[in-house]
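Below, chain A is the first sequence line, B the second, and so on; all start at residue 1.
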Amino acid sequence: MAPKFKKYTPTRVLYWHRTDLRLHDSPALHAALNEIDDIEAFWPIWCWDPHYVYHARVGPNRFQFLIDCQNDLSSSYQRLNPKQKLWVLREGATTLLPKLMKAWKITHLVFEKDTDAYAKERDTKVVRDAEEAGVTVMIRNGRTLWDSDEVAKKNGGKPTMSATQLQAAGAKVGDISRPVPTPEKLPDPGDADLSAVEQERPERHPDFNEQFRDSEEKSYASGLAGPKGDYAVPTLQELGFKKQATSPHKGGESVVLENLEKMFEDEDYIATFEKPRTSPAAFEPQSTLLTSPHLHFGSLSCRYLYWRTEDLIDKRRKEKKPTSGPPTSITGQLLFRDMYFAAQAALGYSFAQTYDNPHCRFVPWHLPSKVNVDNKLISGEYEVDDPQAEEYFHRWRDGKTGFPWIDAIMRQLRSEGWIHHLARHSVACFLTRGGCYVSWERGAEVFEELLIDHETACNAGNWQWLSCTAFFAQFYRCYSPIAFGKKWDPEGNFVRRYVPELAKLDKKYIYEPYKAPIADQKRAGLLVSGGKTEGEEDGRHIYPKPMFDFNEQREICIQGLKTAYHVGLYGNSPAVIDGTWKKHFDDAAEGPTEGTEGGPGGSTGWQDAEGHEEYDPDGNKTPKLSREGSSKARPKSPRTTRAGHKREASQSTLDVLVQKKSSKKS
DNA sequence: CTGCCGTTGATTCA
DNA sequence: TGAATCAACGGCAG
């Protein structure tokens, strides 16, 4: 056979890092290094997107985690080729890349596919500009087990709403890819001359992260290549942050791979892992792998984790040793992650909100979403001004609810940027359908700011799940802020750790400090206060009484959800879009009322420190009405709270609907 | 249509 | 420790 002569056509490659701060199992990086011939110049770059710096909620802990990941990756590149690094540029890709591709004579642009709604828009523009400039664009899936767009397509273009659907659609897409090899060498960069590249000034407003900064963000001002002109990874200070990160969790591919190595030594733990059996109260060490932030930044490949786990389980099956499987196993967790990504890919922006989301139920929360301030969802007839619900929300956010289990979790979230999955369930249920009756979108915003592993698809999906607005519907299954904590941590060590003012309290009262007799409170250096939520008095640490009677709120929430389910509006219902949804709830409340429930009735067991029952001195003596037994609707009395606030009459329609589907049928 | 299941509730009772 | 109950949703298989 005659030798084939190949023409030498030098190529110059930009490898654009976004969701993939790693070298291992990166299909896009592998393609860039193996599918492009005659590479003359190669730059792995990061573009600091003003969207991320200003227009997304990113607290110091997540910023630091990202910076850690970037530094780790940059070092890895340097080890492969001392002339290399992660080239960090201070401008958004949509404006920078066209200029950069021209100045550096780029022939190939390569990146990992990102199906987030914002990223899709951004990438569409970048790809169009690149192709117009004659640059070859290569995109590879690497962030999820399957390409989320493909999964959505195989699911009929509809969002995957259950693990079954995801698995069925995924199977149609094909097998989950095996990891690709880690690169062992890297071409040199070319001459990185920016003299011809004029920098775009970023649009800074609104700056969601202003609260964290004590000075102007200095990264953009320092020029495209940073203060030293060396394309270095920025520091938190350079970004203007006053606060240092407080999270003990460190970012970086080498960190997570080393951690995994150690965790996989315990084969029993990995192979029999069942998420619902891991403790939300465990700390140092936590009960789970802590891979979520690494999956978010791409310092860990989900396929690498998937196949390492799957291979180990195969081996154990052959050895006839116990194993776990989806949905509770480690691989099951990754399948749920893909489910949320595919659902988001199908719905776009509306996935992360109620408004215009065809799969998210509409619930008239006492504190609605702030998102969409310009449309009628909340500006129409919605009673935005509910100071009590707003207070509940703030106290939840700040870890001062008076429920130690909730407060401990929220304080761990703020200081460490990570909380266990079941802890997320507990506080999310509490904020929404199982306590405060506040919109899940408010909670999601707090998580977005504080979590180091915040992933829009997973966060929005899980909040919808927990608020019973999508994915999950059993709203009568409600997490108790007392019983759930007790179940996992009867000693109260988790609470003692994160709510130090309760550290010395007897375990008998650790989840309900207001029940502790004065003498016990004094011994613990504690003052449970009905007024103040923090501070000290007579040398005793103040901890607040519960901000509401949980059982009473729980009933209000369940009735509210029942009503919302009956009314049956979704985020894209005309009445939600045009702001006339309230009429539907009023009509429902006036409808036929036979076959109804009585009020919650009975004692809630609420006691003050002296042991008096406050709400019903006789205990639960109100006879519970059976479904068949009551023939008349009993209008629910207006809500009264410990603080003595009375709900306005107009609100009461939101509280109750006493019509059952069964009665409608008959 | 029925019946069962759905990653992760709480309480009571045997 | 496990099962039944509470009051009862929606997806899915049959």
Side-chain angles (χ1 to χ4, degrees), chain A residues 155-156 158-169 272-282 287-288 324-340 343 359-361 363 405 409 419-430 432-435 458 461-462 464-488 511 550-551 554-555 557-568 570 595-602 604-605 620 624-630 657-665:
Chain A
N155 197 49
K158 294 191 296 267
T160 43
M161 298 305 285
S162 69
T164 319
Q165 278 181 7
L166 181 274
Q167 279 173 295
T272 63
F273 183 97
E274 285 182 88
K275 190 61 162 275
R277 302 181 90 146
T278 58
S279 171
S287 59
T288 54
S324 61
T328 53
S329 64
I330 290 169
T331 52
Q333 309 311 299
L334 294 172
L335 291 169
F336 277 108
R337 179 174 175 272
D338 257 51
M339 176 186 79
Y340 289 135
H359 281 77
C360 181
R361 284 183 180 276
V363 176
W405 172 249
I409 294 167
I419 52 178
H420 185 276
H421 188 59
L422 289 179
R424 297 178 199 208
H425 275 218
S426 206
V427 297
C429 178
F430 183 85
T432 57
R433 64 167 169 96
C458 301
N462 275 321
Q464 286 167 41
W465 184 302
L466 265 300
S467 60
C468 288
T469 49
F471 297 103
F472 182 75
Q474 287 159 282
F475 52 77
Y476 45 90
R477 285 196 185 168
C478 187
Y479 291 84
S480 158
I482 293 132
F484 194 69
K486 237 179 235 176
K487 182 171 95 180
W488 287 105
Y511 292 104
F550 172 72
N551 289 317
R554 180 180 178 276
E555 282 308 318
C557 289
I558 288 178
Q559 291 302 319
L561 265 287
K562 226 193 250 181
T563 306
Y565 268 65
H566 172 74
V567 171
Y570 286 81
T596 58
E597 298 294 335
T604 55
N620 58 340
K624 219 168 185 181
L625 298 167
S626 77
R627 240 179 295 178
E628 292 72 27
S630 88
L657 166 76
V658 272
Q659 181 182 6
K660 302 188 63 63
K661 278 187 177 170
S662 56
S663 66
K664 203 177 88 179
K665 270 182 239 161

Please check: side-chain N/O of [X] versus main-chain N/O of [Y], any donor-acceptor pairing under 3.5 Å?
X	Y	value
A:Ser287	A:Ser279	yes
A:Arg361	A:Cys468	no
A:Ser329	A:Ser324	no

Kindly point out which of [options] is positioned nearest to the side chain of [X]?
X	options	result
A:Ala163	B:dT8, C:dC9, B:dT7	B:dT7
A:Phe484	C:dG10, B:dG9, B:dT7	B:dG9
A:His421	B:dT7, B:dA10, C:dC9	B:dT7
A:Thr328	C:dC9, B:dT7, B:dA10	B:dT7
A:Gln165	C:dA7, C:dG11, B:dA10	C:dG11
A:Arg477	B:dT8, C:dC9, B:dA10	B:dT8
A:Lys275	B:dT7, C:dA8, C:dG11	B:dT7
A:Ala473	B:dT8, C:dG10, B:dA10	C:dG10
A:Gln333	B:dT7, B:dA10, C:dA8	B:dT7

Using a 4.5 Å cut-off on heavy atoms from C-beta on, say whether the side chain of A:Lys562 contacts that of A:Tyr476.
-> no

Is the shortest heavy-atom distance from the side chain of A:Leu466 to the side chain of A:Arg433 under 4.5 Å?
-> yes

Over how many whole Å does the gap from [X] atom [atom1] to [N] atom [atom2] extend?
X	N	atom1	atom2	answer
A:Phe472	C:dA8	CZ	P	15 Å
A:Leu166	C:dC12	CG	C1'	16 Å
A:Ile558	B:dA10	CD1	P	12 Å
A:Gln464	C:dG10	CD	P	16 Å
A:Arg337	B:dT7	CZ	C1'	17 Å
A:Arg433	C:dA8	CZ	P	14 Å
A:Lys486	B:dG9	NZ	P	18 Å
A:Phe471	C:dC12	CZ	C1'	17 Å

Tell me whether the OP1 or OP2 atom of C:dA8 has a side-chain N or O from A:Lys562 closer than 4.0 Å.
-> yes

At under 4.0 Å, does any side-chain N or O of A:Ser162 touch on OP1 or OP2 of B:dG6?
-> no

Will you find, in the side chains of A:Thr278 and A:His420, an N or O donor that is under 3.5 Å from an N or O acceptor?
-> yes

Side chain to side chain contact (heavy atoms under 4.5 Å, CB included) with A:Cys478: of A:Phe484, A:Phe550, A:Phe430, only one passes, and it is A:Phe550

Applying the 3.5 Å cut-off to both distances, the Watson-Crick or G-U partner of C:dC9 turns out to be B:dG6

Pairing partner of B:dT12 (Watson-Crick or G-U wobble, both distances under 3.5 Å) = C:dA3

Taking atom [atom1] in both [N] and [M], what distance in whole Å separates the two?
N	M	atom1	value
C:dG10	B:dA10	C1'	22 Å
B:dC5	C:dA8	C1'	14 Å
C:dA3	B:dC4	P	16 Å

Under 4.0 angstrom, heavy atoms only, what part of the nucleic acid is A:Trp465 near: base, sugar-phosphate, or nothing?
-> base

Distance-only donor-acceptor test, A:Glu274 side-chain atoms vs B:dT7 base atoms, 3.5 Å = no

Could you say whether the aromatic ring of A:Tyr476 and the base of C:dC9 stack, counting only centre distances under 5.5 Å and plane angles under 30°?
-> no

